[in-house]
Every structure is written in structure tokens, then in C-alpha cells.
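Everything below concerns the one structure shown next.
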Amino acid sequence: MTAGPPPAMAPPRTSTSPVHRLGAGTKLAGLCVCSLALLTVDGPRGAALAVVGVMAVFALAGLGPRALWAQIRPLRWVVVCLLAVQWWVLGPVEAVVLSTRLVALVALAGLVTATTPTAQVLDVVERVLRPGRRWGLDPERAALVLALTLRSVPVLTDLAARVRDAQRARGRERDVRAFAVPLVVGSLRRADALGEALAARGLDD
Amino acid sequence: MTGIVLDDVHVRREGRHVLRGVSVRLTEHRVAVIGANGSGKSTLARLLNGLVAPTSGRVLVDGLDVARHGRAVRRRVGFVFTDPDAQIVMPTVAEDVAFSLRGSGLSRAEVGARVAAELERHGLAGHADHPAHLLSGGQKQLLALSSVLVSRPDVVVADEPTTLLDLRNTRFVAQRLAALEQRVVLVTHDLDLVGDYERVLVVDEGRVVVDDVPAVAVPAYRALMGAPVR
Ligand SMILES: Nc1ncnc2c1ncn2[C@@H]1O[C@H](COP(=O)(O)OP(=O)(O)O)[C@@H](O)[C@H]1O
Ligand SMILES: [Mg+2]
């Protein structure tokens, strides 16, 4: 074989941790239960317990604090804003507890996606939605839409980063419109391209 | 009747006359399309698998009218877009290739085997379960190509597949295209890639103005581009 194109990523991380090995259905069900449990957390002690719990599950999956941070990092500014507002409205204790709940939930959801192949998640979604057929729901289509959405997230994140760089290069980083307009136009173009790609690949019903 | 036939094809889009009477019959194994930006190359390429419909005239692929048998034609004609990000629709590498085999009637095991073989062929086997967005630009284009080839089309149409790539990846993708057993219609700005092609169409302002072997068509194109702007 000829030399391949330059690789752009780390070697595959194959892990056999107990968390990786659990079925996708079990993990998604577990995520639902944990979310409900998190909703009942209302004191500092509960919040601390939630934090310890989340770190324990990450450790069980063989993932360190860096992986945990990677999951919640995109949320950091949202959390700071929420924390500020809640602090002002509800006071410090309540604010910290509520924000911890949110962060714990995002971290757990991130853990499930990081340790479960998308194909398995989609299979579960398809299975769970199957009874919906009676009401005219198409589970395969729903799973497909979910997959397309998952794929669109990095593409749009990329687009946003590029638009921001372009605005920065022109010294317009504080101009919300200068950021939003190209982002919306770019997203619409992406939607068009996706429609074309689906048609080209035989999904034109 | 084999080959791709365009019979006096006109395309108007939003009032603009994008293609102005194109008539060609493509039977060669390797056909390249070159021309300036906005000359109508992409529109011409998209006609070949029915992504664009002619406003008047006909497009036939191996005897099938594209306007009437769009689906069947798209099964025969694979399409590689310029931006692989626009073409990759599934979150992970293997899933994206498998997506092309949806509804093919193959068993799960057969799909798995064909996907694995295709990835192997393009040096992507080690990335099967990786998120597609972590691939390099060149790898993404190879993934797009794998996803096209896995359904075994008769013709591969590629619209500037190397325009977004660096030199090394351009060479790699070009080599892959050159090695295909399928018929290839390549739209490109990279004149180095068309040297080995049997036939080169030069498109200008919606018309095929030169239709010849590379040794004639490429210099003619250079002369055309060097001409003073009207
Ligand atoms: N969907 C469309 N609507 C309006 N104009 C279009 C559309 N698609 C292409 N055009 C116009 O048609 C011309 C040819 O486009 P295209 O086929 O993409 O050229 P090329 O690929 O050679 O750059 C351009 O002037 C372009 O603006
Ligand atoms: Mg084009």
C-alpha cells in the first residue's frame, strides 16, 4: 500500500472498562434514573454526593479529570451566567446546588456518549420508539434525524469558530450581528448541502 | 445505449442562463471538466445524477432519462462533493459508509464486511469507529469516496474533490480516483490532474467550448483564461 494521508488523530482508544461494556440500553436507562435522582437533590450535602458520584463513575470508566473537564468545558460560560443570576435571585447556597445539578447531568450524559458507539445509541432509540409506530411515528427516521443532528454538531461548531476568527481578523469581535448573520447563512447552506448529499446517496424519499 | 448523453441541455436558475445548450456523449473511462469559477461546471456535474434537472433538453445515463429515473440513476452514479463535511452525514466513519447501504437488502454481516473492506482499501480501517470530524481533510475526502464506492456505482462524478486539500492530500485523493475501475467524470481546477484523462471538456459561460484530449484542451483553456477580460 502507498503511504496514507497525514493522520489527524490519536490512535483508537479501545477500552474494556465496566462502563464501556455495559449495554447502551442499560446506560441510557441509568442516565434517566440518575437525572431524576439529581432533580431531587436540594441541599449542599446532596450536591456534594452528586459530585463524588459523578467522579466515581468516570473513574470506573477509566476516565480521569481531564476527560470530565472535556465534557463540561463547552458549558462553562452558561454555568457562570446561571450561577450569577441564581446567586442574585436565590442566594449562594441554592445557586451552587442548582448549578452543580446541571453540571453533573451534563457530565453523565457526556460519559454515556463517550463510552457508547453512536450506532448502539441509535439502535436503542429505534427500539424504544418502535411502539410509536401506532401513532404514525417512524422510528428509523427518528434515529436517522438524531444521527444527522449528532453529525451536525461538530460541523456547526467548526463553522462558528471560523466565523468568529473571521470577525476577529476584521476587528469586529464585539459585533453580535457580524457573528450571527454569517453563522445563520452558513447553517442554512449546510442544511442545503446535507439535503443534496442525502439525495446523492440514495435517500430521496 | 451506454454512456452519458447530454442532448441540447439548458439550465436556468433564478432567471440566469447557467448552461446554454450542452450536447455531449461521454463514453470514455476518464473524462475531465475544467473551466473558470461560475462557468457552469458544478451544474453540469449535478445534471449527471439528477441533483439538477435540465430546464430543457435531456440527460441520459446508460439509456436512463435522469429526469424520470432519478433514483435509478443515482444508484449508478456516485457523487463526490468538494467539501467532504457536506457529504459525510453520519457521526462515525464506519456508520457513514454503512449509510450508503441502507435499504440495499444486505444482511448486517454483509454490510459490515463490505464497509470494512472499503475502509481497508482507503487506509481508513483503523478509524472505523472514530468520529468523522476528527479525520484530516484528506481522510474525510477518502471517507466520502469510500461511502460512494461501497454501493458499487458504475460512474463516479467528483466535483472539485481536491480544491480544499493540501498538495499531499490532493495527490493521494487523485491517485485513488485514478486507480478506480469505474468510469470517472472529474471536475477540477488542478490542471496537473487531467494529464492522464482521455477527454477534457472546457466549460465557459455555460457552454462546452473545447472538447478534446488534454494536450489540446489544456493549452486552449490556458489561452482562454489569459485572454483579456471583456
Ligand atoms: N441554485 C442556483 N441559483 C442561482 N444561480 C445559480 C445556482 N447554482 C448556480 N448558479 C449560478 O450559475 C453559475 C454557474 O454555477 P456553477 O455551476 O456552480 O459554476 P462552477 O462550478 O463552474 O463554478 C454561477 O454564476 C452561479 O452563480
Ligand atoms: Mg463548482
Side-chain angles (χ1 to χ4, degrees), chain A residues 1-15 20 113-123 125-126 140-141 143-159 161-162 186-205, chain B residues 46 49-52 70-71 74-75 77-81 83 85-92 94-96 98-104 120-124 126-142 144 147-148 151 157 165-166 168-169 171-173 175-176 179:
Chain A
M1 222 197 110
T2 41
M9 55 194 182
R13 44 181 174 86
T14 40
S15 178
H20 284 83
T113 36
T115 60
T116 319
T118 333
Q120 283 181 25
V121 177
L122 298 182
D123 279 350
V125 170
E126 229 178 286
E140 263 176 51
R141 192 156 280 239
L144 172 66
V145 169
L146 182 62
L148 294 177
T149 310
L150 289 176
R151 166 70 189 134
S152 296
V153 170
V155 175
L156 293 182
T157 311
D158 218 45
L159 174 67
R162 257 178 303 158
S187 308
L188 291 176
R189 195 169 295 148
R190 152 87 188 150
D192 265 354
L194 182 62
E196 246 191 348
L198 289 174
R201 298 184 58 181
L203 194 98
D204 42 4
D205 41 302
Chain B
R46 281 164 159 74
N49 73 341
L51 286 178
V52 168
R71 261 202 117 140
R74 279 188 282 277
R75 265 202 298 275
V77 182
F79 199 98
V80 180
F81 293 84
D83 181 2
D85 271 326
Q87 172 149 14
I88 300 168
V89 299
M90 286 285 131
T92 67
E95 284 166 328
D96 191 70
F99 178 79
S100 300
L101 298 174
R102 270 170 65 101
S104 62
E120 179 74 49
R121 208 145 73 89
H122 294 103
L124 293 172
H127 300 305
D129 295 320
H130 286 178
H133 68 269
L134 293 186
L135 296 177
S136 72
Q139 287 174 325
K140 281 184 189 170
Q141 199 54 287
L142 289 176
S147 296
V148 164
S151 54
V157 178
L165 304 182
D166 62 24
R168 188 166 161 207
N169 281 306
R171 290 226 177 100
F172 199 74
V173 169
Q175 270 172 21
R176 295 280 134 180

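Note that this is a predicted model, so its numbers are computed, not measured. Letters A, B, ... are given to chains in the order of the sequence lines, protein chains preceding strands, and every chain is numbered from 1.
Of the possible donor and acceptor atoms, one in the side chain of A:Arg201 sits under 3.5 Å from a partner among the backbone N and O of B:Gln87.
For chain A, the nearby parts of B:Asp85 are the backbone and the side chain; heavy atoms of each come within less than 4.5 Å. Looking at B:Asp96, the atoms closer than 4.5 Å to chain A (heavy atoms on both sides) sit in the backbone and in the side chain alike. The parts of B:Ile88 that come within reach of chain A are both its backbone and its side chain, each placing non-hydrogen atoms under 4.5 angstrom from that chain. Using a 4.5 Å cut-off between heavy atoms, B:Arg46 contacts chain A through its side chain alone, with no backbone atom that close.
Between A:Asp158 and B:His133, every side-chain heavy-atom pair lies at or beyond the 4.5 Å cut-off. Using a 4.5 Å heavy-atom cutoff, the side chains of A:Glu196 and B:Phe81 are in contact.
Shown here is B:Asp129, whose CG atom has no more than 12 heavy atoms of other residues, nucleotides or ligands within 6.0 Å. The environment of CZ in A:Arg190 is crowded: more than 12 heavy-atom neighbours from other residues, nucleotides or ligands sit within 6.0 Å.
Closest heavy-atom contact between A:Ala200 and B:Leu51: N-CD2, 4.0 Å. Across every non-hydrogen atom of B:Val89 and A:Leu194, the tightest pair is CG1-CD1, 3.4 Å. Pairing each heavy atom of A:Gly202 with each of B:Arg71, the nearest pair is O-NH2, 3.2 Å. Scanning all heavy atoms of the two residues, the minimum distance from A:Arg151 to B:Pro91 falls at CB-N, 4.0 Å.
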